[in-house]
Amino acid sequence: GKKHYDREFLLQFQFDSAAI
Amino acid sequence: QQIISPDQYIKHPLQNKWAMWFFKNDKNKEWTANLKLITAFDTVEDFWGLYNHIQKASKLPSGCDYSLFKDGIQPMWEDEHNKNGGRWLVNLNKNQRQTELDNFWLETLLCLIGEAFEDLTDDICGATINIRGKGDKLGLWTKDARRGDATVKIGQKLKERLKIPVKIAIGFQAHSDTATKAGSTARDRYRV
């Protein structure tokens, strides 16, 4: 499927990435 | 025993794999020697890991660029994917480095990795931010300057996402025009 992400969806991960 | 939901360990895949490049102007070296691939990524989480780790565009010295291109496309006119293409160009004045530049660049990155151009994604090659003393520039690069309808739609989407006022026009130049036009700027093929 097509993976189109809107800005709000993308922004919610900004400060999660350090944990991954 | 703690149960971890899949959302906590499965990264969110992107439609495309993207490569981030850094250019630093060193006049003692060849242009291509100044261009370095930082890394490529294909998940939302890896994008943020990179973005949070590198210097903000507004803090780069004059003469530097960041570029984000689809993996396999080099951020230069000569690349096969770019040679028939062009760029939507957003010129920033000196004051906008502090107020707009980082927002414009992040918003452009989110448009690219989130596929904001939807069914026109195949027209998109990447984007570049140029930090320059005389004024910074943001460019969104597409693969075929002759595709008028698609190019205009991409420009309209970019302008909308950057919240550029309707009365301020942005222009699109073909790389072939820019490359042959030494000194002054190339004419705009399209404006929105």
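Chain identifiers are assigned alphabetically (A, B, ...) following the order of the sequence lines, protein sequences preceding nucleic acid strands; residue numbering begins at 1 within each chain.
Atom NE2 of B/H12 is separated from atom OH of A/Y5 by 6.5 Å, given to the nearest 0.5 angstrom. Put simply, CG on A/D6 and CD on B/E115 are 13.0 Å apart, with the number rounded to the nearest 0.5 Å. Atom CZ in B/F47 sits 8.0 Å away from atom CD in A/Q14 (nearest 0.5 Å).
Residues B/L101 and B/F23 do not share a hydrophobic cluster, defined by chaining ILVMFWY side chains whose heavy atoms lie under 4.5 Å apart. No path of Ile, Leu, Val, Met, Phe, Trp and Tyr side chains, each step under 4.5 Å between heavy atoms, connects B/W21 with B/W18, placing them in separate hydrophobic clusters. B/I154 is connected to B/I168 through a chain of hydrophobic side-chain contacts under 4.5 Å among Ile, Leu, Val, Met, Phe, Trp and Tyr, so both are in one cluster. Clustering ILVMFWY residues whenever any of their side-chain heavy atoms sit less than 4.5 angstrom apart, transitively, puts B/L50 in the very cluster that holds A/F9. Hydrophobic cluster membership differs between B/M20 and B/W141, with clusters built from Ile, Leu, Val, Met, Phe, Trp and Tyr side chains linked at under 4.5 angstrom.
With a 4.5 angstrom heavy-atom cutoff, B/E107 touches chain A only via side-chain atoms.
The nearest pair of heavy atoms linking A/H4 to B/E118 is CE1-CA, 3.6 Å. Summarising the geometry of A/F13 relative to B/V44, their closest heavy-atom pair is CD1-CG1, 3.8 Å, with the distance given to 0.1 Å.
The neighbour count for B/E30 CD, taken as heavy atoms of other residues, nucleotides or ligands under 6.0 Å away, does not exceed 12. Within 6.0 Å of CZ on B/R147 lie no more than 12 heavy atoms contributed by other residues, nucleotides or ligands.
The stretch residues 61-98 of chain B places none of its residues near chain A, where near means some heavy atom under 4.5 Å from a heavy atom of that chain.
Between the side chain of B/W48 and the backbone N or O of A/Q12 there is no donor-acceptor pair closer than 3.5 Å.
Note: B/L110 leads B/T121, B/L106, B/I113, B/L110 in heavy-atom pairs under 4.5 Å with chain A.
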